[in-house]
Amino acid sequence: MDTLNLIESFADFARQKNIDRPTMIRILEDVFRTMIRKKYETDDNFDIIINADKGDLEIWRFREIVDDNSEDIWEHDKISLSDAKKIEPDFEIGEEVAEEVKLIDFGRRAVTTARQTLIQKVKDLEKDILFAKYKELVGEIIAGEVYQILSREILLTDADGNELVLLKSEMIPKDRFRKGDNVRAVVHRVEMINGNPKIILSRTSPVFLERLFEQEVPEVYDELITMKKIVREPGERAKVAVESYDDRIDPVGACVGMKGSRIHSIVRELQNENIDVINYTDNLELYIQRALSPAKISSIKIDEENKRVSVYLKPDQVSLAIGKGGQNIKLASKLVGLEIDVFRELSESEEEDVLIDEFSDVLEDWVIEELKKIGLDTAKRVLELGREELIRRTDLEEETIDEIFKIFSQEFEQE
């Protein structure tokens with residue numbers, strides 16, 4: 001391959017990969033200097049002139065003329081007078097010889113290797129550019145088209161044909177994508193694996209929900225409303241604490257929109273995830289009350305030392321506070337940063353009841369916690385629910401449930 005074809009083909013390839021001209025020239029020069037070092041051991045006394053637009057390449061070797069009997073004759077930047085005269089008869093000792101080295105002088109194999117090296121360097125640079133580009137996009141929403149569905153992940157391509165990875169663990173459980181579908185997700189992280197950038201997306205990250213609010217709510221995008229904290233059970237429920245620094249703006253109303261117009265598209269994108277938007281406040285008791293919405297709390301006891309809070313509610317509010325599968329109380333706990341324990345207020349007729357915590361000497365803690373998850377905080381409430389319903393609503397084994405009923409029944413028989 002001649003010089004013109006080598007440089008022109010490389011320049012075309014580099015332009016296709018969006019490599020800028022200075023970088024392209026630098027890569028060319030690096031490769032040719034490597035060729036020179038392999039042949040001449042050093043490139044100190046060589047100049048390389050490249051015109052990528054015309055496909056021109058000039059390599060010049062500079063040496064000082066010395067006497068044929070000089071001790072310096074073997075140095076890389078020296079040439080004997082007799083050899084210099086073969087280039088130009090008029091040369092004299094002490095003058096500098098500028099000799100052009102043709103690409104063909106390096107041999108066909110070296111030129112072929114150079115071409116392969118040039119292409120590989122561009123591919124490596126392209127990977128570095130892609131890695132740097134997506135490293136800056138971490139936390140931003142991007143769209144990709146599904147092109148392959150695997151058992152543990154879905155592969156997508158962006159607008160430039162780059163591969164993106166959406167792991168099944170980063171998908172909303174209700175997500176069902178087919179080849180050709182357009183998918184929106186947030187850039188979760190970027191890793192370099194065996195020299196190849198791996199761009200991992202997420203639809204379950206709280207950041208994805210935050211970015212969706214930025215797209216749908218101008219006040220959030222303009223930072224008039226701040227998203228203080230977001231917690232999610234992807235595809236099921238989310239709680240978002242928002243705050244406005246402008247008294248004229250209702251942060252909750254702005255995020256929800258008229259008749260839910262703003263939040264509707266977000267809910268649809270998240271497979272009908274139920275989103276509770278609440279006003280953030282520094283008043284911890286009020287914040288806890290809002291976090292447990294829609295339940296109405298009667299009283300609160302906060303144990304900041306142990307990072308726990310006990311909330312007391314009327315019987316008809318307990319299930320609202322706990323929520324389906326314990327989602328509401330779990331998300332509320334994450335939102336306020338405290339472990340929330342829900343207790344039912346006892347009526348006068350129930351005062352003779354016994355809190356299940358008092359059975360900690362005969363029941364293991366995890367069993368008591370499992371009962372509390374479904375709003376059962378007293379022995380009588382457990383007995384009233386019944387054995388079959390307890391089997392259906394908890395993960396407890398039947399033998400354990402039988403033991404619970406035996407212990408609780410004996411308590412009231414003794415009375």
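All heavy atoms count here, side chains included; hydrogens, waters and symmetry mates do not.
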Participant: For residues 317-331, which residue pairs pass the salt bridge (Lys or Arg N to Asp or Glu O under 4.0 Å) check, not counting sequence neighbours?
Facilitator: E233-K330
Participant: To check you understand the geometry: which heavy-atom pair defines the closest contact between L313 and S298, and what is its length?
Facilitator: CA-OG, 3.9 Å
Participant: Salt-bridge test for K373 and E370: reply yes if a basic N is under 4.0 Å from a carboxylate O, no otherwise.
Facilitator: yes
Participant: Do E58 and E100 have side-chain heavy atoms sitting under 4.5 Å apart?
Facilitator: yes
Participant: I'd like to know if the side chain of K127 and the backbone of P197 have a donor-acceptor N/O pair within less than 3.5 Å.
Facilitator: no
Participant: Do D357 and S360 meet the criterion of a side-chain donor-acceptor pair at a distance under 3.5 Å?
Facilitator: no
Participant: So how far is it from D175 CG to Q271 CD, rounded to the nearest 0.5 Å?
Facilitator: 5.0 Å
Participant: Does E153 have any side-chain contact (heavy atoms from CB on, under 4.5 Å) partners at least two apart in sequence or in another chain, and if so, which?
Facilitator: L150, L155, V165, L167, K198
Participant: For Y221, I'd like to know if atom OH has over 12 heavy atoms of other residues, nucleotides or ligands within 6.0 Å.
Facilitator: no
Participant: Just to verify, what does R268 make a side-chain contact (heavy atoms from CB on, under 4.5 Å) with, not counting sequence neighbours?
Facilitator: H264, S265
Participant: Using modelled atom types only, decide if a donor and an acceptor are shared between the side chain of T34 and the backbone of D30 within a distance under 3.5 Å.
Facilitator: yes
Participant: In chain order, what residues pass the ring pair (Phe, Tyr, Trp, His ring centres under 6.0 Å) check against F106, with sequence neighbours excluded?
Facilitator: none
Participant: How would you list, by chain and number, every residue that makes a side-chain contact (heavy atoms from CB on, under 4.5 Å) with R387, sequence neighbours excluded?
Facilitator: I391, E398, I401, D402, F405
Participant: List the atom pairs, donor and acceptor, that lie under 3.5 Å between side-chain atoms in residues 314-322 and the rest of the protein, sequence neighbours left out.
Facilitator:
unit_1	atom_1	unit_2	atom_2	d
Q317	OE1	K296	N	2.8

Participant: Going through the checks in order, is the side-chain contact (heavy atoms from CB on, under 4.5 Å) test met by Y287 and I278?
Facilitator: CA-CA 9 Å; Y287 191 36; I278 68 168; 3.9 Å; yes
Participant: Hey, can you tell me if F359 and F408 have their rings parallel, tilted or perpendicular (30° and 60° cut-offs)?
Facilitator: tilted
Participant: Would you be so kind as to tabulate the donor-acceptor pairs closer than 3.5 Å made by side chains of residues 137-147, with sequence neighbours excluded?
Facilitator:
unit_1	atom_1	unit_2	atom_2	d
Y147	OH	E163	OE1	2.4

Participant: When you look at I263 and V217, which way does the side-chain contact (heavy atoms from CB on, under 4.5 Å) test go after all the steps?
Facilitator: CA-CA 9 Å; I263 207 169; V217 184; over 6 Å; no
Participant: Closest heavy-atom contact between S293 and N328?
Facilitator: O-OD1, 3.4 Å
Participant: Would V183 and I154 count as a side-chain contact (heavy atoms from CB on, under 4.5 Å) here? Give the steps.
Facilitator: CA-CA 10 Å; V183 177; I154 288 178; over 6 Å; no
Participant: Please, which pairs that meet salt bridge (Lys or Arg N to Asp or Glu O under 4.0 Å) have at least one residue in residues 40-52, sequence neighbours excluded?
Facilitator: R33-D43, R37-D43
Participant: Quick check: closest heavy atoms across T378 and I356, and the distance to 0.1 Å?
Facilitator: C-CG2, 3.5 Å
Participant: Tell me, with the steps shown, if F32 and F46 meet ring pair (Phe, Tyr, Trp, His ring centres under 6.0 Å).
Facilitator: CA-CA 10 Å; F32 291 132; F46 286 82; over 10 Å; no
Participant: Only pairs at least two apart or in different chains count here, so list each salt bridge (Lys or Arg N to Asp or Glu O under 4.0 Å) that has a residue in residues 215-228.
Facilitator: E219-R262, K228-E243
Participant: Is it true that a side-chain atom of D83 and a backbone atom of S80 form a donor plus acceptor pair closer than 3.5 Å?
Facilitator: no
Participant: Taking ring pair (Phe, Tyr, Trp, His ring centres under 6.0 Å) as the definition, give me every residue that meets it alongside Y134, ordered by chain and number, with sequence neighbours left out.
Facilitator: none
Participant: Would you say T204 and M171 make side-chain contact, with heavy atoms under 4.5 Å?
Facilitator: no
Participant: Quick check: does any side chain N or O of N306 sit under 3.5 Å from a backbone N or O of D303, one acting as donor and the other as acceptor?
Facilitator: no
Participant: Answer yes when E126 and K123 have at least one side-chain N-carboxylate O distance shorter than 4.0 Å, and no when they do not.
Facilitator: no
Participant: For the pair F62 and D77, evaluate side-chain contact (heavy atoms from CB on, under 4.5 Å) and give the outcome as yes or no after the intermediate values.
Facilitator: CA-CA 7 Å; F62 296 91; D77 58 347; over 6 Å; no
Participant: Using a strict 4.0 Å threshold on nitrogen-to-oxygen distance, state whether R381 and E384 make a salt bridge.
Facilitator: no
Participant: Does E75 pair with R63 as a salt bridge, N-O distance under 4.0 Å?
Facilitator: no
Participant: For D128, give me all partners under side-chain contact (heavy atoms from CB on, under 4.5 Å), at least two apart in sequence or on another chain.
Facilitator: M192
Participant: Give a yes or no on whether a salt bridge exists between D341 and R308, defined as a side-chain N under 4.0 angstrom from a carboxylate O.
Facilitator: yes
Participant: Name all pairs fulfilling the salt bridge (Lys or Arg N to Asp or Glu O under 4.0 Å) condition that reach into residues 272-288, sequence neighbours left out, sorted by first residue then second.
Facilitator: R232-E273, R237-D276, K239-D276
Participant: Give a yes or no answer on whether the side chain of K135 reaches the backbone of R189 with a donor-acceptor pair at less than 3.5 Å.
Facilitator: no
Participant: If we only count heavy atoms from C-beta on, is the E403 to E399 side-chain gap below 4.5 Å?
Facilitator: no
Participant: At what distance, to the nearest 0.5 angstrom, does CD of E210 lie from OG1 of T226?
Facilitator: 9.5 Å
Participant: Between Q215 and R184, does a side chain to side chain donor-acceptor pair (under 3.5 Å) hold up when you go through it step by step?
Facilitator: CA-CA 12 Å; Q215 289 185 355; R184 286 201 296 170; 2.6 Å; yes
Participant: Within the side chain of T400, is there an N or O that forms a donor-acceptor pair under 3.5 Å with the backbone of L396?
Facilitator: no
